[in-house]
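Below is one structure, written out as structure tokens, with a few remarks after it.
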Amino acid sequence: MPSIRHSYTVTVPEEPPAPAFPFIKQDARRKSPTMSRSMLVSTFVGLLINQAKNSKNAQGLVGLRNLGNTCFMNSILQCLSNTHDLRDYCLRNTHRTDLNNNCRAKAALMDEFAKLTQTIWTSASNDAISPSDFKMQIQKYAPRFVGYNQQDAQEFLRFLLDGLHNEVNRVTVKPRALVEDFEHLSEDEKGKRMWNKYLESEDSKVVDLFVGQLKSSLTCSECGFCSTVFDPFWDLSLPIAKTSGEVSLIDCLRLFTKEDVLDGNERPTCHRCKTRRKCTKKFTIQKFPKVLVLHLKRFSECRVRTSKLSTFVNFPLKELDLREFASENSVNAVYNLYAVSNHSGTSLGGHYTAYCRNPCTAEWYTYNDSRVSPMSSSQVCSSDAYVLFYECATSSRL
């Protein structure tokens with residue numbers, strides 16, 4: 001398929017043409033010859049966002065053409081396009097500062113992602129656009145996406161976020177890996193030190209938004225010694241209880257965090273006993289991210305083929321309270337839903353769509369490749385839900 005590009009780059013031409021957007025007055029630009037280019041860009045984007053907030057025809061309601069089994073990609077791109085802070089990061093061209101500071105990266109993936117986001121949010125029409133230029137860059141970064149085979153949306157999301165992060169990482173020279181002893185510290189201080197150590201190598205706008213910290217506690221059944229490990233996470237893959245009925249998202253989280261017994265061949269070595277012992281393992285969330293991505297594990301591998309669980313998982317659109325899963329009391333553990341990547345069909349063949357809440361109007365829309373249509377919030381929760389996107393309620397735009 002030929003590359004069809006409708007991107008709009010926020011630049012200021014030498015001789016401004018007739019305004020593409022009627023809400024920008026051309027005369028105002030001529031009356032301010034001393035205004036810097038960056039100020040003009042900032043003013044333009046500010047007007048754009050305000051116009052979208054006040055317009056009955058909100059921006060961002062543009063479909064993406066299916067290039068051939070690329071519905072998995074389109075679904076995730078629409079979810080990310082409606083991620084408020086990531087959208088503004090691209091619209092305001094703030095990513096350019098991080099790209100300029102990171103000389104080792106060619107930044108082609110971040111550039112194309114930003115251009116695609118800008119096109120979605122500045123398009124003068126509702127005609128679907130082609131993400132072919134973006135696809136060309138993501139398959140260079142992750143060759144597994146070469147071609148037109150159906151792919152897993154959650155795996156695509158992980159590769160994409162990793163690629164974007166690498167190109168706008170504020171750390172250009174990573175420090176040498178040093179082994180440090182944190183065992184003498186309190187659990188809270190140990191978690192903070194481990195998080196800061198992570199940021200010494202991995203620090204970007206993508207990390208600011210999507211990365212949290214998981215605490216894994218391992219308790220020896222023989223001597224009672226408890227060791228803890230703190231690891232960053234980009235999303236949480238939640239098991240679904242096999243049942244013919246309905247389960248709640250909280251049920252899935254409780255299943256994910258429940259205490260497991262490690263015995264037999266999986267017994268770990270106790271640091272105090274200095275030998276392999278039967279242990280119990282439990283997860284809690286040490287640090288909650290601004291954007292919490294929850295992956296429902298609907299697909300499981302068996303000896304013969306992959307099977308899919310179609311269990312209805314009931315999840316809230318507002319005020320998902322996760323404080324019971326926190327390592328300690330946390331005031332930032334309540335979330336509101338803003339996007340869902342859905343998979344309909346079976347493990348042998350299916351189709352991805354997205355349900356997204358427009359960050360300007362708070363109205364819900366269905367994104368089905370080229371087609372975008374309004375929907376009721378009562379339709380958002382379905383048995384097709386696969387990847388859920390929540391934002392921290394303290395920064396939510398509901």
Worksheet entry | Cation-pi geometry met for K287 and F230 (6.0 Å, 45°) | no
Worksheet item: Knowing that exactly one of T353, T70, N74 qualifies, which makes a side-chain hydrogen bond (donor to acceptor under 3.5 Å, both in side chains) with D369?
Response: N74
Worksheet entry | Non-hydrogen atoms of F156 and F134 that approach each other most closely | CZ-CE2, 3.9 Å
Worksheet entry | Salt bridge present between E200 and K174 (N-O < 4.0 angstrom) | no
Response to the item:
Contacts satisfying salt bridge (Lys or Arg N to Asp or Glu O under 4.0 Å) that involve residues 248-260 (not counting sequence neighbours) are R254-E324, K258-D260
Practice prompt. For the pair N169 (side chain) and S201 (backbone), establish whether a donor and an acceptor sit closer than 3.5 Å, ignoring hydrogens and angles.
Written response: yes
Practice prompt. Could you note down all residue pairs passing salt bridge (Lys or Arg N to Asp or Glu O under 4.0 Å) where residues 204-223 supplies at least one of them, sequence neighbours left out?
Written response: R170-D208, E187-K215
Practice prompt. Before accepting this row, confirm whether a basic side-chain N of the pair D188/K192 lies closer than 4.0 Å to the acidic partner's carboxylate O.
Written response: yes
Item to complete: Check side chain to side chain contact (heavy atoms under 4.5 Å, CB included) between E266 and all other residues, then give those that pass, not counting sequence neighbours.
Response: L262
Worksheet item: So with a 6.0 Å cut-off around NZ of K197, is the heavy-atom count from everything else above 12?
Response: yes
Worksheet item: Are the side chain of K290 and the backbone N or O of E391 linked by a donor-acceptor pair below 3.5 Å?
Response: no
Discussion item. If you apply the rule ring pair (Phe, Tyr, Trp, His ring centres under 6.0 Å), what do you find for H95 with F113, and how did you get there?
Written reply: CA-CA 11 Å; H95 68 284; F113 176 80; 9.0 Å; no
Worksheet item: Taking only residues two or more places apart in sequence or in another chain, which ones pass side chain to side chain contact (heavy atoms under 4.5 Å, CB included) with A354?
Response: S75, Q78, C79, C356, Y367
Practice prompt. Please list, chain by chain and in numerical order, all residues satisfying side chain to side chain contact (heavy atoms under 4.5 Å, CB included) with F159, sequence neighbours excluded.
Written response: A142, R144, F145
Item to complete: Give a yes or no answer on whether the side chain of T366 reaches the backbone of M375 with a donor-acceptor pair at less than 3.5 Å.
Response: no
Fill in: Closest contact, heavy atoms only, C220 versus C223
SG-N, 3.5 Å
Worksheet entry | H165-F210 aromatic ring centre distance below 6.0 Å | no
Item to complete: Scan for salt bridge (Lys or Arg N to Asp or Glu O under 4.0 Å) pairs involving residues 339-356, sequence neighbours excluded, and state none if there are none.
Response: none
